[in-house]
Protein chains: 2
Amino acid sequence: MRVVIASCSVDYSGRLDAHLPQATRLLMVKADGSVLVHSDGGSYKPLNWMSPPCRLTVAEPDDADAGQGVREVWTVQNTKSDDKLVVRIHDVVADHSVDLGVDPGLVKDGVEAHLQKLLAEQIDLLGPGHQLVRREFPTAIGPVDIMAKDSGGASVAVEIKRRGDIDGVEQLTRYLALLNRDPLLAPVQGVFAAQEIKPQARVLATDRGIRCLVLDYDAMRGLDDVDSRLF
Amino acid sequence: MRVVIASCSVDYSGRLDAHLPQATRLLMVKADGSVLVHSDGGSYKPLNWMSPPCRLTVAEPDDADAGQGVREVWTVQNTKSDDKLVVRIHDVVADHSVDLGVDPGLVKDGVEAHLQKLLAEQIDLLGPGHQLVRREFPTAIGPVDIMAKDSGGASVAVEIKRRGDIDGVEQLTRYLALLNRDPLLAPVQGVFAAQEIKPQARVLATDRGIRCLVLDYDAMRGLDDVDSRLF
DNA sequence: GTATTGATCTCGCCG
DNA sequence: CGGCGAGGTCAATAC
């Protein structure tokens, strides 16, 4: 990785055109040739950038640029599309190159997939006597997160979200409409399960006869840990 | 801005939990206290980060950490939520502080929204006598970019793209199918408007009775400037 | 203020 | 390789 702090102006052209007037910024050149232009604020998103696969070439400024005080012109050309980033470098404050090696990568936890796994393991959270049929139950319009049967043997379709929103209820509604046309499954009861259910979503779900279930992730994970230790 | 290159391990807890094992990375501390952790690959997104508003505090390692070779422990605490980032610094390769000043900011141009706004203002580009009904005309499957009426009062639905591709034609086709089922609107004529229309897209559109309109962005912007100056 | 939508989205999964 | 869904989405705009 190369890190350059320099005053520069930047032009991007591709899916849109964008221009950054001259100012002092941080330029990050990664091992794959991608370039990030950061200012001293904003979010984690750079002001401007070029994603890999791309190629960085450095050239001398033409007379017009040189007259404006440009010392170097970087051209970062995407090798798949015609996206192009041009960085005109004026004064360089710092220039460091470091070999970082390959990053071991991020370990994530707490995503929807984990909630699904935990609920499948703790299926009686749906109610006493429930049995897991399968996770990612396939249908023509996509997989249902969890399919189960209640204590009476009736089908239960569960849609799981971290944040239960209107969209999730709509999704489950589409599944239920489809599943209930299958005489082998019907009637299918719907359960909308999430760590947090928005009021609008709860109203819509209730109106459609869908049961809402708030999942306590920490408690579920705690039980999972106990299970892991016991067995 | 402060840029530190150091071997470190990182833990995030908040909306999810994530952990980065020890490796050499670039740490960026911005003026607002936000912190970005970058590796030498990926895209513009950092491996891990803390968004403002937040506060960075630096502490000595406890005995356990010190025994692992930790020299400093950075705690970045979001001041609005309970999101927290902990960076354990081992060996520091480089450490630079620079005053970048306030960035003049990005000037974007040619984005779809701008094209939409310009076309709405210059609606007769669709043909003489056309009238704007509204931008972002709502339908059950999403908003149509522009709805208009031609000189004879017939409905015209316009889909706008910067680069006109097959996808855009498909999208417009779906809108037209829906709109034409509404007896108050039907028959609805389709117009596919873009700065550049790919040959495949043009063939598909023509085949479906959709009119193609190439937008001259510079000319439209020029007219807009003239308007701004005149009125 | 909240809600919705686009993004040079990015990122991961699964076919 | 493409499609689809989720994101610690972020950020801008309409309401």
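When reading the values below, keep in mind they use all heavy atoms of this one structure, side chains included, and skip hydrogens, waters and symmetry mates. First the proteins, then the strands, lettered A, B, ... as listed; each starts at 1.
- In this model, the phosphate group of C/dC11 is approached by a side-chain N or O of B/Ser43 to a distance below 4.0 Å at OP1 or OP2.
- The ring of B/Tyr44 does not lie on top of the base of C/dT10; it is either too far (5.5 Å or more) or too tilted (30° or more).
- For the pair A/Lys45 NZ and D/dT9 C1', the computed distance is 10 Å after rounding to whole Å.
- By the 4.5 Å heavy-atom criterion applied to side chains, B/Arg135 and B/Lys117 are counted as neighbours.
- Remark: P of C/dT8 and CG of B/Leu115 are 14 Å apart, rounded to the nearest angstrom.
- Residues B/Val214 and B/Arg202 meet the side-chain proximity criterion, which asks for heavy atoms closer than 4.5 Å.
- Counting non-hydrogen atoms under 4.0 angstrom, B/Ser51 reaches a base of the nucleic acid.
- The nearest heavy atom of DNA chain D to B/Arg135 and to B/Tyr12 marks one nucleotide each, and the one closer to the 5' end goes with B/Tyr12.
- Closest of all the heavy-atom pairs between A/Gln22 and A/Arg25 is C-NH1, 4.3 Å.
- Rounded to whole angstrom, the span from the NZ atom of B/Lys117 across to the P atom of D/dA14 amounts to 9 Å.
- With the nearest nucleotide of DNA chain D identified for both A/Gly42 and A/Lys80, A/Lys80 has the one nearer the 5' end.
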* Asked: Run the salt bridge (Lys or Arg N to Asp or Glu O under 4.0 Å) check on B/Asp11 and B/Arg88 step by step: do they pass?
  -> CA-CA 9 Å; B/Asp11 287 277; B/Arg88 290 183 172 77; 3.5 Å; yes

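- Atom CG of A/Asp17 and atom P of C/dA7 are 14 Å apart (whole Å).
- The distance from atom NZ of B/Lys161 to atom P of C/dA7 is 8 Å, rounded to the nearest whole Å.
- Summarising the geometry, the separation between CG on A/Asn48 and P on C/dA7 is reported as 16 Å, rounded to the nearest angstrom.
- Summarising the geometry, the separation between CG on B/Leu16 and P on D/dG7 is reported as 9 Å, rounded to the nearest angstrom.
- Note on B/Met50: a base of the nucleic acid sits closer than 4.0 angstrom, heavy atoms only.
- Under a cut-off of 6.0 angstrom, the local environment of CZ in A/Arg134 is crowded, with over 12 non-hydrogen atoms contributed by other residues, nucleotides or ligands.
- Nucleotides C/dT8 and C/dT4 place their P atoms 22 Å apart, quoted to the nearest Å.
- As rounded to whole Å, 16 Å separates atom P of C/dG6 from atom CZ of A/Arg15.
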